[in-house]
Amino acid sequence: MKQPLESLLHATLTNLTGDLFPKAALPEGPLLERTRDLAHGDFATNVALVLAKRAGRQPRELARAIIAALPKSELISKVEIAGPGFINFSLAASAYHAELKTLLAAGAAYGRNQAGAGGHAMVEFVSANPTGPLHVGHGRGAAVGDCLCRLLTATGWAVTREFYYNDAGQQIDNLALSVQARCKRIEPGQPGWPKDGYRGEYIQDVANAYLARQTVHADGSSVTAGADADDLDAIRRFAVAYLRHEQDLDLRAFGVEFDVYYLESSLYTEGRVQQTVRALIEHGHTYEKDGALWLKTTDFGDDKDRVMRKSDGSYTYFLPDVAYHVSKWQRGYIRMINEQGADHHSTILRVRAGLQALEMGIPKGWPEYVLHQMVTVMRGGAEVKLSKRAGSYVTLRDLIDEVGRDATRYFLVARKADSQLTFDIDLARSQTNENPVYYIQYAHARIASVFRQLAEKGYTWNVKNGKANLAQLTQTHEQALLVNLSRFPEMLETAARNLEPHLMAQYLRELANDFHTYYDAHTFIVEDAALRDARLTLITAARQVLQNGLALLGVSAPESM
RNA sequence: GCGCCUGUAGCUCAGCUGGAUAGAGCACCGGCCUUCUAAGCCGGCGGUCGCAGGUUCGAGUCCUGCCAGGCGCGCCA
């Protein structure tokens with residue numbers, strides 16, 4: 001909708017270049033914006049205001065010149081100068097009718113674009129260590145990351161979803177020791193309980209399964225428990241597989257799937273960590289001090305250098321991190337987006353520094369990051385502390401079971417990732433209109449219901465007749481709906497470009513509001529066949545966009561509620 | 001002390017690349033179901049956009065400095 005008009009304007013301005021203003025004065029980026037107020041038409045441009053100084057003319061005078069140079073177009077019904085020098089465009093009703101037909105023809109594909117041109121993008125998200133069930137923070141990561149994947153796919157990217165986890169190292173040792181202790185009936189706090197052990201009850205479940213010689217499947221392989229409480233290595237393998245499997249069940253319940261599970265241990269077994277160390281040394285960005293090997297991250301903006309190989313010969317976390325990103329780069333991803341909790345924000349600089357130090361031609365801003373801030377969980381008016389170690393955290397599974405998948409996903413993705421989120425379990429549990437996801441789903445269900453009623457009343461919807469009579473849609477509410485439906489492709493484009501899924505959640509709420517308002521103000525199933533078919537055509541379009549939008553959020557679009 | 005994020009209505013939050021009169025939901029007050037699902041609609045109440053400067057024709061949005069909150073600042077991951 002916006003694009004043809006923008007092209008027209010751009011061409012007009014290009015023609016005026018040199019005459020009215022220098023070419024360099026032309027602003028880059030979008031020229032047009034949607035107006036907030038219908039009195040200002042459909043689209044507005046501030047280009048006359050922007051160019052005024054460079055052109056040495058009054059904005060309104062410049063606006064007149066631009067309008068005069070504008071070729072005639074069927075799209076536009078009115079152009080006027082407003083305020084200090086805005087040019088406001090009103091679109092012809094026929095332009096909206098054409099858009100509606102485009103929408104219906106495109107169906108589930110409406111709003112999609114090819115901005116990514118089939119390029120390969122990866123989103124790495126969740127990446128929880130297999131030391132316990134997923135908590136609410138992981139849930140936010142899962143919801144946001146999954147929506148990012150959907151947005152990127154819808155805008156022409158070939159997306160790979162990857163989950164990275166640490167299957168060795170200190171945390172996993174703690175896990176194994178904790179399970180071992182539980183195998184020996186030692187409880188947290190008792191003598192023999194490991195320092196920094198995992199205290200959650202799920203550790204006992206793992207221990208019980210281990211002693212019962214269960215077999216668990218995870219990430220393409222299966223592990224059978226040895227039942228020997230002294231075999232720490234067997235316990236470790238079993239516990240990791242057991243908890244990875246449990247996380248998989250959580251993710252499946254949440255409707256999130258991954259293409260690749262990447263094991264940190266493989267970075268060692270494949271020699272990638274060693275190769276990375278060697279390369280970093282070769283490029284001269286390292287030095288030895290106090291028996292440790294340091295990377296000069298200060299060369300790349302860090303406030304102090306970082307140890308990469310400890311004096312005991314083992315590596316700090318960030319070296320495998322760098323090696324891991326080298327793997328991602330070598331796998332050919334143009335875009336690499338890491339979705340993670342903001343408590344890990346300090347890794348951004350270091351990973352990028354490590355990649356730059358390798359001098360492999362990796363762009364400075366690669367990878368991209370989307371960080372989500374903490375989720376505070378409230379229950380009974382009190383905060384529930386998230387603590388994996390203490391074992392008293394709210395799991396993602398708790399939320400899904402109590403609130404439902406749809407509401408959980410919507411809540412976790414409807415806010416800017418940048419802002420802290422308060423997840424009030426009591427509020428989200430209450431199945432009332434306080435839950436905005438119901439509001440949107442209800443709009444969809446209502447439309448479905450209208451068509452059920454239509455059949456009961458012995459009518460059928462004549463699509464052809466509806467499309468031929470779109471001019472009958474003259475009501476204010478109908479026009480508002482037409483306008484907002486046509487905004488969907490722009491919203492999708494913006495949400496994907498900015499990596500901000502919450503924009504889609506927000507938009508759908510507005511669209512649902514437009515529909516509900518329309519629904520209450522007018523009857524769709526009327527005697528007049530032309531009007532009836534036109535209205536049914538309009539609400540079918542609304543149903544389609546609600547479906548498309550909800551699909552981008554991974555939220556269902558129910559036929560009835 | 002340093003870095004990242006946040007500060008908008010009583011509460012929870014939107015506000016897209018700076019634009020024209022700052023928007024929703026909840027709460028509160030008042031209306032609307034013999035008519036396609038009232039999980040809905042309409043109206044009202046409510047704001048010095050943390051504070052102070054600056055840039056700009058124009059700032060909630062950009063810059064600087066403060067103030068407040070969150071998260072990080074390890075030879076943990």
Side-chain angles (χ1 to χ4, degrees), chain A residues 27-31 33-37 39-40 44 46 49-50 52-53 58-59 82-86 88 129 131 166 169-172 196 264 289-294 302-304 306-312 314-318 320-321 341-349 371-374 376 414-422 424 427 431-439 441-443 445-454 456-457 490-491 493-495 497-498 500 502-503 505-507 509-510 512-513 515-526 535 539 560-561:
Chain A
E28 291 175 28
L31 295 166
E33 61 181 13
R34 291 268 179 179
T35 56
R36 223 180 286 173
D37 189 340
H40 299 145
N46 61 355
L49 290 159
V50 175
K53 187 169 277 184
Q58 293 300 316
F86 293 105
N88 292 339
N129 283 342
T131 54
N166 184 347
Q170 191 67 48
Q171 306 294 337
I172 301 299
D196 298 326
E264 186 186 3
K289 191 181 90 181
D290 305 332
L293 186 65
W294 297 67
D302 205 351
D303 58 343
K304 50 186 157 185
R306 305 290 163 177
V307 169
M308 42 192 268
R309 190 177 60 213
K310 301 182 233 174
S311 50
D312 69 2
S314 64
Y315 298 110
T316 58
Y317 76 95
F318 105 94
D321 266 7
D343 54 339
H344 288 88
H345 75 262
S346 57
T347 67
I348 297 176
L349 193 97
L371 301 180
H372 63 261
Q373 294 288 331
M374 260 182 48
T376 306
R415 304 292 186 218
K416 243 184 332 194
D418 272 341
S419 41
Q420 291 167 46
L421 180 68
T422 303
D424 187 333
L427 181 75
Q431 302 240 331
T432 67
N433 54 358
E434 289 166 349
N435 242 330
V437 65
Y438 292 126
Y439 183 84
Q441 291 181 316
Y442 184 42
R446 266 185 154 179
I447 297 170
S449 173
V450 168
F451 281 90
R452 285 193 293 271
Q453 281 293 318
L454 185 75
E456 276 181 30
K457 290 183 177 177
E490 293 156 40
M491 284 309 306
E493 197 269 329
T494 304
R497 177 166 36 81
N498 296 353
E500 290 180 332
H502 77 278
L503 293 176
Q506 211 66 31
Y507 166 80
R509 224 244 154 238
E510 289 168 27
N513 181 45
F515 171 75
H516 286 308
T517 303
Y518 180 34
Y519 181 97
D520 275 272
H522 300 284
T523 307
F524 309 143
I525 305 176
V526 291
R535 286 182 171 172
I539 65 169
S560 66
M561 291 175 73

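Within every chain, numbering begins at 1; the chains are lettered A, B, ... in the order of the sequence lines, protein sequences first and strands thereafter. The figures that follow rest on heavy atoms only: side chains count, while hydrogens, waters and symmetry mates do not.
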Legend entry - Gap in Å between the two P atoms, one belonging to B:C11 and one to B:C76, rounded: 44 Å

Inset, instruction - Output yes when at least one side-chain N/O atom of A:Tyr519 is less than 4.0 Å from OP1 or OP2 of B:A38, else no. - result: yes

Legend entry - salt bridge (charged side-chain N to carboxylate O under 4.0 Å, His left out) against A:Glu33, all qualifying residues, sequence neighbours excluded: none

Inset, instruction - Would you please name every residue forming a side-chain hydrogen bond (donor to acceptor under 3.5 Å, both in side chains) with A:Ser314, sequence neighbours left out? - result: A:Asp312

Legend entry - Stacking of A:His344 on B:G72 base (centres under 5.5 Å, planes under 30°): no

Inset, instruction - Classify the nucleic acid contact of A:Arg452 as base, sugar-phosphate or nothing, counting any heavy atom under 4.0 Å across all strands shown. - result: base

Inset, instruction - Decide, for B:C33, between syn and anti: a glycosidic angle within 90° of 0 counts as syn, anything else as anti. - result: syn

Inset, instruction - Could you tell me the separation between the CG atom of A:Asp321 and the P atom of B:C76, rounded to a whole number of Å? - result: 15 Å

Inset, instruction - Taking all heavy atoms of A:Lys310 and all of A:Thr316, pick out the closest pair and write down the distance. - result: CG-CG2, 3.8 Å

Inset, instruction - Determine the interplanar angle of the A:Tyr519 and A:Phe524 rings, folded into 0 to 90°, and report it as parallel if under 30°, tilted if 30 to 60°, perpendicular if over 60°. - result: perpendicular

Inset, instruction - Give the rounded distance in Å between these two atoms: CZ of A:Phe524 and P of B:C36. - result: 12 Å

Legend entry - 5'-most by nearest nucleotide on RNA chain B - A:Ser311 or A:Thr517: A:Thr517

Inset, instruction - Assign A:Ala521 to base, sugar-phosphate, or nothing according to its heavy-atom contacts below 4.0 angstrom with the strands shown. - result: nothing

Legend entry - Interatomic distance at C1', B:G19 relative to B:G58, whole Å: 7 Å

Legend entry - A:Phe86 aromatic ring stacked with six-membered ring of B:A20, 5.5 Å and 30°: yes

Legend entry - Base-contact (B) and sugar-phosphate-only (S) positions in nucleotides 6-16 of chain B, heavy-atom cut-off under 4.0 Å, - elsewhere: S-----SSSSB

Inset, instruction - Look at the side chain of A:His516 and the backbone N and O of A:Tyr439, then say whether any donor-acceptor pair between them is shorter than 3.5 Å. - result: yes

Inset, instruction - Please name the pair of heavy atoms, one in A:Val450 and one in A:Ile525, separated by the smallest distance, quoted to 0.1 Å. - result: O-CD1, 3.6 Å

Inset, instruction - Select one nucleotide: of B:G72, B:C75, B:G40, the one nearest the side-chain heavy atoms of A:Ser346. - result: B:G72

Legend entry - Which nucleotides of RNA chain B pair, in dot-bracket form (Watson-Crick or G-U under 3.5 Å, | meaning another strand): (((((((..((((.....[...)))).(((((.......))))).....(((((..]....))))))))))))....

Inset, instruction - Could you work out the separation of B:A59 and B:C51 based on their C1' atoms and round it to a whole Å? - result: 16 Å

Inset, instruction - Ignoring backbone atoms, test whether A:Lys304 places a side-chain nitrogen or oxygen under 4.0 Å from the OP1 or OP2 oxygen of B:G3. - result: no

Legend entry - Whole-Å C1' distance, B:U8 and B:A14: 10 Å

Inset, instruction - Identify whether any heavy atom of A:His40 sits under 4.0 Å from a base atom; if not, whether one sits that close to sugar-phosphate; answer base, sugar-phosphate or nothing. - result: base

Inset, instruction - Assign A:Glu264 to base, sugar-phosphate, or nothing according to its heavy-atom contacts below 4.0 angstrom with the strands shown. - result: sugar-phosphate

Legend entry - Rounded distance in Å - CG (A:Asp303) to P (B:C2): 11 Å

Inset, instruction - Could you tell me whether the phosphate oxygens of B:C41, OP1 or OP2, come under 4.0 Å of any side-chain nitrogen or oxygen in A:Tyr442? - result: no

Inset, instruction - Could you tell me whether A:Ala495 contacts a base, only the sugar-phosphate backbone, or nothing, with contacts defined as non-hydrogen atoms closer than 4.0 Å? - result: nothing

Legend entry - Rounded distance in Å - CE (A:Met374) to C1' (B:G69): 11 Å

Legend entry - Rounded distance (Å) that lies between atom P of B:U56 and atom CG of A:Asn46: 17 Å

Inset, instruction - Using a heavy-atom cut-off of under 4.0 Å over every strand shown, decide if A:Asp290 touches base, sugar-phosphate, or nothing. - result: base

Inset, instruction - With P as the reference atom in both, quote the distance from B:G43 to B:G69 in angstrom, rounded to an integer. - result: 40 Å

Inset, instruction - Just jot down the salt bridge (charged side-chain N to carboxylate O under 4.0 Å, His left out) partners of A:Arg415, sequence neighbours excluded, or say none. - result: none

Legend entry - A:Asn513 side chain near B:C41 phosphate (N/O to OP1/OP2, under 4.0 Å): yes

Inset, instruction - Would you mind reading off the distance between A:Phe515 atom CZ and B:C36 atom P, rounded to a whole angstrom? - result: 13 Å

Inset, instruction - May I ask you to say what A:His372 touches in the nucleic acid, namely base, sugar-phosphate or nothing, with a heavy-atom cut-off under 4.0 Å? - result: nothing

Inset, instruction - Using the C1' atom on both, measure B:G18 against B:C36 and round to a whole Å. - result: 44 Å

Inset, instruction - For B:G46 versus B:C29, give the span between their P atoms, rounded off to a whole number of Å. - result: 16 Å

Inset, instruction - Name the residue closer to the 5' end of RNA chain B, choosing between A:Asn88 and A:Gln170 according to the nucleotide with the nearest heavy atom. - result: A:Asn88

Inset, instruction - Kindly point out which of B:G72, B:C76, B:U37 is positioned nearest to the side chain of A:His345? - result: B:G72

Inset, instruction - Can you sort out the partners of A:Glu490 under side-chain hydrogen bond (donor to acceptor under 3.5 Å, both in side chains), two or more places apart, ordered by chain and number? - result: A:Arg34

Inset, instruction - Sequence neighbours left out, what passes salt bridge (charged side-chain N to carboxylate O under 4.0 Å, His left out) with A:Asp303? Give chain and number order. - result: A:Arg306

Legend entry - Sub-4.5 Å side-chain heavy-atom contact between A:Phe318 and A:Met308: yes

Legend entry - B:C45 to B:A24 separation - P atoms, rounded to the nearest Å: 13 Å

Inset, instruction - Round to the nearest Å and state the distance from A:Arg306 atom CZ to B:G3 atom P. - result: 13 Å

Inset, instruction - Whole angstrom is fine here: how far is it from CG in A:Asp312 over to C1' in B:C76? - result: 12 Å

Inset, instruction - Using a cut-off of strictly less than 4.0 Å, decide whether A:Lys310 has a side-chain nitrogen or oxygen near OP1 or OP2 of B:G74. - result: no

Legend entry - Listed partners of A:Glu493 passing salt bridge (charged side-chain N to carboxylate O under 4.0 Å, His left out), at least two apart: A:Arg497

Legend entry - Listed partners of A:Ala414 passing side chain to side chain contact (heavy atoms under 4.5 Å, CB included), at least two apart: A:Tyr410, A:Ala505

Legend entry - For A:Ser311 against A:Ala292, the heavy-atom pair lying closest together: N-CB, 4.1 Å

Inset, instruction - Select base, sugar-phosphate, or nothing to describe what A:Ser560 touches, counting heavy atoms under 4.0 Å on all strands. - result: base

